[in-house]
Number of protein chains: 2
Amino acid sequence: MSDASVANTLRRPRAARKTSSAAAQPMAVDPGSVSIDTTYLESLLGYNARRAALAVIGVFLQRMAPYGLRPVDFSVLTLIAHNPGITSRQICAALDILPPNLVGMIKALDKRGLIERRTHPTDRRAQGLHLSPEGKKLQKSAQGTATKLESDVASRLSADELDTLKSLLRRVYLP
Amino acid sequence: MSDASVANTLRRPRAARKTSSAAAQPMAVDPGSVSIDTTYLESLLGYNARRAALAVIGVFLQRMAPYGLRPVDFSVLTLIAHNPGITSRQICAALDILPPNLVGMIKALDKRGLIERRTHPTDRRAQGLHLSPEGKKLQKSAQGTATKLESDVASRLSADELDTLKSLLRRVYLP
DNA sequence: TATTGTTATACTCTATAACTATA
DNA sequence: TATAGTTATAGAGTATAACAATA
């Protein structure tokens with residue numbers, strides 16, 4: 001497994017903070033809006049990938065807030081939905097989450113009644129994770145939201161371009 | 001300004017931890033390596049962008065370690081290099097760092113003798129940031145490393161494909 | 001002996017409030 | 001009154017060590 005965690009939320013949307021961008025003083029002397037040369041950084045793949053990821057995640061956070069799901073929660077629920085009986089360790093491996101950090105998430109999802117922890121059929125140390133009926137409904141709705149989100153966040157890209165983008169990204173990180 | 005921070009390091013490279021992937025037991029029963037369906041997550045732009053960003057950043061962290069620079073430090077040094085006299089607030093705006101969180105970084109770079117804080121020519125509240133001779137040397141080397149890193153981390157992409165990828169990413173997050 | 005899930009805990013990153021000095 | 005830099009601190013995310021139960 002690579003060092004690519006898909007777990008964290010990176011950052012919650014901040015309450016609007018006072019930036020130094022000139023909004024009310026269109027022509028005032030505003031050192032904070034003097035054009036800064038960022039062209040080199042914008043030539044780097046890592047910089048662009050990170051900015052784009054954060055842009056998408058920002059929208060994701062907003063639209064998933066009604067479900068009470070962070071990206072990592074959505075990822076966990078989705079993995080369970082598509083892999084009934086999956087274990088915590090398997091989720092950790094797939095999302096590169098460290099086991100101690102998953103415990104609280106699983107516990108919270110269980111407490112919300114979204115998942116069930118059943119005894120594993122062949123390994124009594126492990127637990128097979130399943131979605132509850134409510135969890136299934138929530139995950140289905142959230143997945144629909146996540147899918148719709150795609151076209152909105154990449155509204156400046158055609159469907160083909162979006163596919164190309166995702167394909168190129170996969171070729172960067174997949175083995 | 002969007003909610004896209006280019007500041008944090010996401011994660012330091014971990015010491016090799018014992019994953020559950022089967023390496024020494026090719027055909028053993030290993031629940032951790034049972035194929036898990038992640039196809040849906042891999043169809044999402046945010047997931048792919050984040051995984052790719054983390055893959056690039058992972059290599060970035062390794063290669064920048066000799067310079068003692070995290071991604072955010074490199075970004076700050078690079079902004080100062082390309083914008084001599086830039087202020088802290090301008091760096092904060094460009095990288096979406098919160099001012100209190102930049103203080104320590106600037107202080108550390110100053111203590112290392114990589115940057116100089118001069119009195120701002122027109123605003124006595126502010127400081128114009130400049131690279132020291134040592135800072136210039138380090139930044140130049142680091143920038144060369146960052147540039148070379150591109151082709152290595154995206155070795156499966158042609159030069160044209162890499163350009164296409166970065167262009168598509170910019171169209172996702174740039175206004 | 002090794003692995004699953006877990007607790008405890010430390011460290012890093014990010015966020016908010018409030019202060020000073022200057023504008 | 002608003003802004004630049006700063007301090008202090010709270011909160012979220014990520015890391016390691018170690019444990020009981022089971023393989």
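Just so we're on the same page: letters track the sequence lines, and every chain starts at 1. Computed over heavy atoms, backbone and side chain alike; hydrogens, waters and symmetry mates excluded.
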[X] [atom1] to [N] [atom2], straight-line distance once rounded to whole Å:
| X | N | atom1 | atom2 | value |
| --- | --- | --- | --- | --- |
| A:Leu102 | D:dT16 | CG | P | 16 Å |
| B:Leu61 | D:dT14 | CG | C1' | 13 Å |
| B:Gln127 | C:dT20 | CD | C1' | 13 Å |
| B:Ile57 | C:dC13 | CD1 | C1' | 13 Å |
| B:His120 | D:dT3 | NE2 | P | 16 Å |
| A:Ile97 | D:dT16 | CD1 | P | 15 Å |
| B:Met105 | C:dC13 | CE | P | 8 Å |
| B:Asn101 | D:dG5 | CG | P | 15 Å |

Open item on the list: Between A:Asp160 and A:Ser158, do the side chains contain a donor N or O and an acceptor N or O under 3.5 Å apart?
Closed with: no
Filtered N/O pairs between nucleotides 17-21 of chain D and protein, under 3.5 Å:
none

- [ ] Kindly say whether B:Arg156 contributes a backbone atom to a donor-acceptor pair with the side chain of A:Arg171 at under 3.5 angstrom?
- [x] yes
Task: Nucleotide nearest B:Val103 (side chain, heavy atoms from C-beta), chosen from D:dT6, C:dA15, C:dC13 - done: D:dT6
- [ ] When you get a sec, tell me which of D:dA4, C:dT4, C:dT16 is the closest nucleotide to the side chain of B:Leu98?
- [x] C:dT16
Open item on the list: Quick check on D:dA4: is either OP1 or OP2 less than 4.0 Å from any side-chain nitrogen or oxygen of B:Arg124?
Closed with: no
Open item on the list: Please tell me if B:Arg117 has a side-chain N or O lying less than 4.0 Å from either OP1 or OP2 of D:dT6.
Closed with: yes
- [ ] Report the residues that fulfil ring pair (Phe, Tyr, Trp, His ring centres under 6.0 Å) with A:His82, sequence neighbours left out, ordered by chain and then residue number.
- [x] B:Tyr40
- [ ] Taking the side chain as every heavy atom from C-beta outward, state whether A:Val56 and A:Leu149 have any pair of such atoms under 4.5 Å apart.
- [x] yes
TODO: Please lay out, stage by stage, how B:His120 and B:Thr122 fare under the test side chain to side chain donor-acceptor pair (under 3.5 Å).
DONE: CA-CA 6 Å; B:His120 191 94; B:Thr122 63; 3.3 Å; yes
Identify all side-chain donor-acceptor contacts of residues 103-110 of chain A below 3.5 Å with residues at least two apart in sequence or on another chain.
unit_1, atom_1, unit_2, atom_2, d
A:Asp110, OD2, A:Arg117, NE, 3.1
A:Asp110, OD2, A:Arg117, NH2, 3.4

Open item on the list: Salt bridge check, A:Glu150 against A:Lys166: does any charged N sit closer than 4.0 Å to a carboxylate O?
Closed with: yes
